[in-house]
Structure formats: structure tokens, C-alpha cells
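Sharing a structure, written as C-alpha cells. Questions coming.
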Amino acid sequence: MKYQVVIGLEVHTQLTTNTKIFCGCSTKFGSEPNSQTCPVCLGFPGALPVLNRQVVEYAIRAGLATNCSITQRNVFARKNYFYPDLPKGYQISQFDLPICQHGHLDIEVEGETKRIGITRIHMEEDAGKLVHADISEVGDDSCVDLNRACTPLLEIVSEPDMRSPDEAIAYLKKLHQIVMYLGICDGNLEEGSFRCDANVSLMPVGSTVFGTRAELKNINSFKFIKQAIEYEIERQAEILDDGGKVIQETRLFDPNTGTTRSMRGKEEAHDYRYFPDPDLVPVLIADQWIEDVRAELPELPEAKRARYVTELGLPEYDAEVLASSRELAQYYEETVALFPQAKIVSNWVMGEVARALNDDNNRSITDCPVTPALLADLLKLMEKGTISGKIAKTVFDEMYKTGKAPERIVEEKGLVQVSDTGAIEAMVDEVLNNNPGQVEQYRGGKETVFGFFVGQVMRASKGKANPAVVNELLLKKLKA
Amino acid sequence: MKITRAEVEHVARLARLELTDAELDTFTGQMDGILAYVEKLNALDTDGIVPTSHAVPMENAFRADEPTGSIGVENALANAPQRAESFFRVPKVIE
Amino acid sequence: MEIFDLTIHELHDKLKAKEVSSVEATRAMLDRIEAVDSQVNAYITVTPEQALVEAEAADRRIAAGDIAPLTGIPMGLKDIFITKGVRTTCGSRILENFVPPYDGTAVAKLKEQGAVIVGKLNQDEFAMGSSNESSYFGPVKNPWNLECTPGGSSGGSAAAIAARTATATLGTDTGGSIRQPASHCSCVGVKPTYGRVSRYGVIAYASSLDQVGPLTRDVTDAAILLGAIAGYDPKDSTSVNTPVPDYLAGLKTGVKGLKIGLPKQYFIEGLDPDVKRAMEEAIALYKSLGAELREVSLPHTEYAVATYYLIATAEASSNLARYDGVRFGHRADEIRGLKEMYAKTRAEGFGSEVKRRIMLGTYALSSGYYDAYYVKAQKVRTLIMQDFLNAFNEVDVLLTPIAPTPPFKIGEKLADPLQMYLSDIFTIPVNLAGTCGISIPAGFSAAGLPIGLQLIGKPFGEATILSTAYAFEQETQWHLKKAPL
């Protein structure tokens, strides 16, 4: 039988606050185990949580950027279960009143736009880590590191609106781009800053009744998402084809085998016994607060892309690439502000700048030694005719290496373009005299030889001759 | 009967309390008595009454996103029943 | 008069006049503990070395002319208060060896004033009990009659006042745990309005009901000690940012024209005759002092105990989940795997009253019962709060008994938890309503056992109940009578 896959995604984004959601410990990744802990996040007796205001602010940002309505009266609830990475024996989360509800994102797959519903976004604390450390005396035992405990998370739950792995990837990439644009998540999948669980079910093509779903966990790259879902489609189809029933369960993705396996048995039937956390008080979000956050929202990728096309006249492709990350867009916009020729800047940013960063171990645009101001200076030199486009690339490489200003490099290396007609004419004459055979061919009608002459003159001038003047003089002499 | 012995056993599992047979018997009887007593709340019509979670009205208690410092690994682990290097150590999950 | 008999304000005057040093006072108290505590069992941990170091520091401070009301005063803390570097057990085996790395806010405030902490006081395990019999460290005996309980859960805190083994103490009150033992031990105990004193660093029993308060020899001391610990704390989201009045300055306001309400549901059949008589005498006294007394109604009183036991146990079941043998506290030996670690550790670490309440609370929150039990109880809580608001539209203060009977015998009510729970009927509604109450000595039974009187105030009306209590104390002088120990 042919099946239609139905996919819903739950994304956990770790927020880039300085401190944890309920205490003042740092959220830095990769420190010595248990070094970023205090009585609150260790769940010591007597300690009490106090909410980090920035977390609420970030949640509102996320809600507004995903077209959600913001809940005015928020309550934190305790989700009760025992696990060694959960210090208090309960996780502080939101239950029946999540901070954001009823949103959506539009994704594009194969040229078609599709709207994916967002059911809810809620604030919660992360758990610590249960690791199997390589410590000989420990044997089979587990080790608990609580540095991550109490780190703020937003859980973003989609509707089961996706119908293919590609749609799931498109949604995730879009969401990933947005949270990074908003500056609320560093988007680092490997460090677990952006984690995804996928609810996957199958139904016969044409049906509208969803099948039983499996929840896939531990998927920490876009590639794995696709693998996990594809594997799951195959697995469930096989069960259904054999007349079996899919069991509702949690399955763990194994990146080594590209398969998922059941976590049954590890999990007892859960009864989380949610109830409002009496240690915390309601969070009331007034309209003014929402409006203040809205006013400070950055322009989002979609709007930016559209503006690049309509206002700056960039091709769709350029607009898409430049708007793909907030930092890249910012670099581009800062350069355009200083050198207002949108397409030329776009060519340089997507060309030389991207190449140089790429060659430099994928360095971040924010660390680019050629700042927007320096790049604009370079482009101005080119525009004035001080240097040729070709020389400009040489200068750029030097700027990237040394961080020096383009004027200084041009001066130090004597790269100023020669536009003096007399000097160029002498070089043209010499080239023509030295290559009588080619001159003969050109005059005999083989005009492609023209490029050869240009190249020879440019080489003689060490690239500094103004190409326009060279062209003009060559034409004049050859036609004479 | 408000609660059966089997339900008491289930609750004990949820609460991670290993109870002896004698305790299970005692608790079943006592919980049954207490639950029968709290039934009296059903005599009250509470439709439309807003539940109270804090007796004193309170809202929006925040802290600024500023680090206040941690207590250090040694203080964190000083009371640990078992540790391994800088970790708390626990037995593995047995299914 | 021995040094250990003195009140805070009396000892303060002597310290200030340099008639006595804090070291002398502290030694006197430590000697007294040594002499009598084996009979009372009020202390779980005594900290003589640390106390003397603190006393020396207090003396230096006094010598420098920097004396605060609590500087140099030897005090005890219920073992529910987190104390940095000093074992904090909460009366439980599961925390038998727990040494916290931090101080709670109330304790830090005492230390800032230079108070001397002589030790940690016995209590019902995790504050669950009304008789101090659920402590892992053995029951506390009532200094007025060693066969009786001192009440609970702050039984050690009250008994230490009566035994004169602390000048003043701190306790906590979730359903009467300060007021009821204060009543049974003939001392003064205040349960402040919810949010008045920070709960940071106080081991939680039922978070929406727990509140910290003083137990003292007289009302003046209660005013001093409450003033020292009250106030907003950014570390406790439920602490309220309302200015703290000068309780001491307002003590002598008097009761002329004060409207005192007598809730008819509190003066019921079955009230012990001695308690009834003490209440009648108190009413007559207030009348004679010019107060206006009238009957009021708190119609939902009979639902308070049921409401309390659902809310408190539900919160407790979650609050006590952190005692899991992973980061601190007891862990069972001989365990196979994680699940067994949890179940055995908690089975060994908790006593039966704690287990019973965890079980009840877990059940009340569990799937299918949450609305019927927990939400229902929260709704009835709203009705109970409303009762108090209505009553306080008519009167300034409510006068009630603290307990239906004088102190009962150790072991008397252990077999029937429900009967024990029902003995808290007059104190529990105050916690549910979140308002304040005070217990003051109001006489003795024919058998010579203490009887307490409760005054209930409006939210943040501590100043009024203190001055009302002070007027009574000045006329009766019950607080001067000493336990035969």
C-alpha cells in the first residue's frame, strides 16, 4: 500500500541568556562538570527559583516572530518525575498556559509555499546530563553533570502539518534561522542548543485519519532528521504492510546505524502530576511589554529578502543568500550603506568575502578582517579607477591577510592603475610590434585575437593599466 | 473503599517508595480513611470559584540576567553519597 | 533570675550596659542545655565551639558600640533552617549528615545582627506532625510535663523556650507548627502573613503555606525578632515587597475601641473545659480593657482540615522528590540499579508520617484525581480566604483557641493520623488564608498544662496582633510562670 507520512516536530532551543532560568549560574557550554551550579540548580533543600526576566522577553520574541498570540497570564507548573539528571525530582515547565500559542511559519519546498502551524511555545528548564564518563573506577555506573540543569529552554511544538522529510527539514531550517536571527539561540546543533524530536506516523494515501505515531528522539543534525524520518517511514510501512500495528512509543535515533530503536522498558508509564509551582508567581505580560518587544524585533529573513529584491534590485538568489544569516545580512547592509551599489557589493560579499572566509576554516563573518568599512573603501578605489577590478582582488587578499586599509596596500605595492594614455600607448605599440603574426591574423578577420593583445598589455603593465584605455588604444591602432 | 491496595502500590511506585507489605496494609487503611474524610469537600458547590495557589496576590517576580556566581565543584559535591572526579555517581539504569 | 531565664530585651540591656558579656550568656545557655536537654530532647545538634566564636565576635562588636537588638543573644533554630557548615537534618534520617553550603535569608539576617546560634532544634520530620513524635531524633518532651508532647512541628523551638535552653528561637508554621507548640509550651509564637518573611533557605514542606516566625518568652521579644527577620527578599519569588513597620514602637497602642471577632465555629462543643474557661477569661479581660467583642462567622471552617491535607500533601510530595540519594543525604546500600536506589533510599530515609503524606499527595495529584482533589481543595481554599476577608470587614482581630485541648500525652494520638490532623483545626485556616496569627500564654489547665490564645490579624496586620497580645500579656503575666525544670 502507498502511505502518506505525517510529521510534527518538537524543537528545544536553548536560550543564549547569560544566566540560567531560575538562578544566577552561567550557561556557558563545556566547563568542568558541576562547576556552574548553586543550591538552586542543584536542587538543594531550601533553595528557591527566581525567574530570569530575559527568558520571558526571548519567549515573546520567538512568539511574535512565529505569528503566535502571547498569553497574558502565565503560570509555571511542575512536571514530576525521577531521573538523576533532574535535581529537584520535577522540571519547572509550563503546562496548560504556554506563553505563545497558535502561530505558524511558511516554508517553501520545490517552489511551493506551505504553512506549518505552531501549536505552542513554552518556557522550561533543561535537565543536566547523565554521562558514561571514561573513569575506570566507575565501571557501569553513570555520572551526573548538572552544569546544564536549569538552562532556559523554549519548547516549540508544531502541528502535525508536514508531509515529507523535506518539509520537515525546510521547517526546521526556517525555525533555526529565525531563532538565530532573533539572537535568542546560538543554533549550535552539536552542543545541543537546538534539539529536535519528531512525531512520525503513516496513513494510507487519501486518508485523513492519522495513524499511531512514534516519537523520535536524539536527532542532532538536519541530516539525521531526514535519515531518522526516512527510516521510520520504512519501518512503519513494513509493519502496516504485514498487517501489524504501530505502537505509540518513544524511539531513540542511532546516528551510527541511521536507525531508530525502541526505548520501551526504560520508561515507566509516566504520570507527570503537573501542578502550578507554588514557589513561582504568575507572569503577567501587559500589551505594552509585547509592543516594546515587537518594536525591537529585528527584520526577519523573509522580509529582508523581499526588501533586497524590491528596494535594492538584487536578484532573488543574491537576496536569499545574503538574508540567510543575520550577521551576513548585517555585513552586507553596512557595506551598502557606505558604498551604495547593491549588486556590486553583493557580488563581492558572495564572492571574494565568502571565499576568503570559507578558505579560512569557515571563519565567521563577524570576525572578517575586512570590515564593511574597509570593503567599501576598496570598492570606492575601484570605482574611482584608482585600481582595476583585477587588482582589487589582489588588494582584497592582502587586506584579508593583514587587515590593512586598501589605500595603504595600493600605495605600498605600487598598484595604482595606469590611465596615462602616453604610457599605455608605448606598451600597446611594443606588444603589437612584438607580435606581427597575431596582428596579421586580426586584420585578416580573426577578431578573437583581440583578447590576446589585451592580456599582453595588462601583463606588461603588471595589471595596472586601465583596461578601458587599453581597449580603446588597441582598437585604434589595429584598425589604423 | 476509596482506594485499593493495588492503587496504593501504584502510588508508591510513582513516589519511588519501597513499602513493606505491612506498610501497604496500614497505608491502604489510613489513606482510605483520610480520603473518605476529604469527601466532605464535595458537599460544597465550587463551580465558578477560582482556585487559589497563593493566598497573597503576587505576580511578576523577576531577576535580572546577571551572573551571581556558583558555589564551586567541591561545595556542590561535598554531600554527595558517591562521586567520581567532578561528577555525582549513580548506579546504572537496569531495565 | 539566671541569665538563661532572661528575655531578648532584658539580656540586650545587660549586654549594652556591659553587666554581662555575650560569651557569659552563651556559656550559661550551653551549660543549661547540657544540664536539662537530655530530659527534653529539644536539640538535634548543639554547636558550642561555633557559638562561642560568634559570642566573642558579638562582644567585640558591643565593645565597639555597635549593638543591634539581637547582638550577642543565644538563639536556637528549628533544624529546618539551612545553616552553612552546620548539619541541617529537618528531623529526618534522609538528611542525617547533610551539611549545607549556604545560609538561608532569615538565618543570614540573624547573623548580620550578631546573634549567637547555639544549636539546631528538634522538630517533626520535614515539619509533618503536631506532636514532635515523627522526628528521626526522638520525640521532644514538654518541659511542663515530660510525659506530654510539646506540640509540633516546631516542638523543639517551643520546648527550648520553656526549658530556658534558648533565649529565643525560630520556627516554621505550615498548619499551626509555631502557634500550637507555643501554646502547649506557654510561650509566644507568631505565624506571619505569607510572604512577610523569606522562605529562602527554609526546607520546604508545603510551599504555599510555609512561613517562618519567632518563638519567644514574651510579646516584646516576638516584636523584636519578627522585625529582624521580616522583609522582602529577591531570592524568594513569593516574598512581598511591603515595608516592615516598627513592631516594637507600636506595641503599646492598647485595645480601646479595637473590634475583636469571636468566630462562632471555633467555640464548639468538645472544646476542653479548661480551654473554654481560659477563652472566657480572655474575652472578659479584653472587654474590661475597652475592646469591642462580637461574634463573627467563618462558615467554611469545617472544610479547612480536608483542604489543608490535600494541598499540603500534594505540594510536599513534589517538594520531597529531591531526596533521592543522588546529590546529598542518605543513600541505601546494597542497591541494584537506579530504580532500586530511589525506592530503597527513600524507604529507609523517610519515616512513616512523611511517607503517608507523600503517598496521599502523590495520589491527589495523579492522573484522574487531580481535579477531584487538588483543584477542588484550591477552590475551597478560595472560600476559606473569603471567610476571613468578610470577617475582617467587620472586625480588626479574631480571638480563638489554638488547640481544642491542652498538651496531650506522648503516644496518645499516634495510631490515628486523622485524629491528630483534626487537632489542628483552629490553626490551619490561618495558613490557608495566608494571613497572620499569634499564640500567647492564656493560663493553665487544672493539671497545670499550658493553654494558649490565638489572635488572628488581617494580612500584614502583625503590628495589630502584637499590640493586642501585648495588652493581654501586661494584664495577665502568664508568661512569667516557669516550667518546673
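None of the values given here were measured: they were computed from a predicted structure. Throughout, a chain's letter reflects where its sequence line sits, starting with A, and its residues are numbered from 1.
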Contacting moiety of C/Tyr421, where chain B heavy atoms sit under 4.5 Å: side chain
Salt-bridge criterion met for C/Lys344 and C/Glu348 (N-O under 4.0 Å): no
Worked verdict on C/Arg381 versus C/Thr307 for side-chain hydrogen bond (donor to acceptor under 3.5 Å, both in side chains): CA-CA 7 Å; C/Arg381 185 175 184 182; C/Thr307 302; over 6 Å; no
Contacting region of C/Ala415 [heavy-atom separation from chain B under 4.5 Å]: backbone
Residues B/Arg5, B/Asp25: salt bridge by 4.0 Å N-O rule: yes
Heavy-atom donor-acceptor pair, C/Asp173 side chain to C/Gln211 backbone, under 3.5 Å: no
C/Thr435 versus chain B, the contacting section by heavy-atom distance below 4.5 Å: neither
Part of C/Leu389 lying under 4.5 Å from any heavy atom of chain B: neither
Pair C/Ser423-C/Ser130, side-chain donor/acceptor within less than 3.5 Å: no
Inter-chain contacts: residues 44-60 of chain B against chain C, heavy atoms under 4.5 Å: B/Leu44, B/Thr46, B/Ile49, B/Val50, B/Pro51, B/Thr52, B/Ser53, B/His54, B/Ala55, B/Val56, B/Met58
Choice from C/Gly434, C/Ala372, C/Ala347, C/Ser317 maximising heavy atom contacts with chain B below 4.5 Å: C/Ala347
Stepwise salt bridge (charged side-chain N to carboxylate O under 4.0 Å, His left out) check, C/Lys355 with B/Glu23: CA-CA 10 Å; C/Lys355 286 182 195 169; B/Glu23 278 177 313; 2.9 Å; yes
side-chain contact (heavy atoms from CB on, under 4.5 Å) between C/Ile428 and C/Leu432, intermediate numbers included: CA-CA 6 Å; C/Ile428 278 174; C/Leu432 290 170; 3.8 Å; yes
Heavy-atom side-chain contact between C/Tyr342 and C/Ile335 under 4.5 Å: no
C/Leu360 portion near chain B, given a 4.5 angstrom heavy-atom threshold: both
Among the listed options B/Leu41, B/Val38, B/Ile34, B/Val8, the residue most often paired with chain C at heavy-atom distances under 4.5 Å: B/Leu41
Minimal non-hydrogen separation, B/Ala76 against B/Ile71, with atom names: N-CD1, 3.9 Å
Interface moiety of C/Val240 toward chain B, non-hydrogen atoms closer than 4.5 Å: side chain
Side chain, backbone, both or neither of B/Ala15 within contact of chain C (heavy atoms, under 4.5 Å): both
C/Thr345 side chain vs C/Arg331 backbone, donor-acceptor pair below 3.5 Å: no
Heavy-atom contact with chain B under 4.5 Å, split by part of C/Tyr369: side chain
Atom group of C/Gln386 that falls short of 4.5 Å from chain B, counting heavy atoms: neither
Contacting moiety of C/Asp416, where chain B heavy atoms sit under 4.5 Å: neither
Part of C/Met359 within contact of chain B (heavy atom distance under 4.5 Å): both
Pick from C/Gly195, C/Pro417, C/Pro459, C/Ser208 with the largest number of heavy-atom pairs that fall under 4.5 Å of chain B: C/Pro417
Carboxylate-amine/guanidinium proximity below 4.0 Å for C/Asp233 and C/Arg196: no
Interface moiety of B/Leu77 toward chain C, non-hydrogen atoms closer than 4.5 Å: neither
B/Leu17 versus chain C, the contacting section by heavy-atom distance below 4.5 Å: both
Cationic tip of B/Lys40 above C/Tyr303 ring, under 6.0 Å, 45° of axis: yes
Spacing of CG belonging to C/Leu365 relative to CG belonging to C/Leu310, to within rounding of 0.5 Å: 9.5 Å
C/Thr174 side chain to C/Asn431 side chain, donor-acceptor N/O pair below 3.5 angstrom: no
Side-chain ion pair, C/Glu125 and C/Arg357, N-O less than 4.0 Å: no
Part of B/Arg89 within contact of chain C (heavy atom distance under 4.5 Å): backbone
Residue part contacting chain B, namely of C/Tyr102, when any heavy atom lies under 4.5 Å: neither
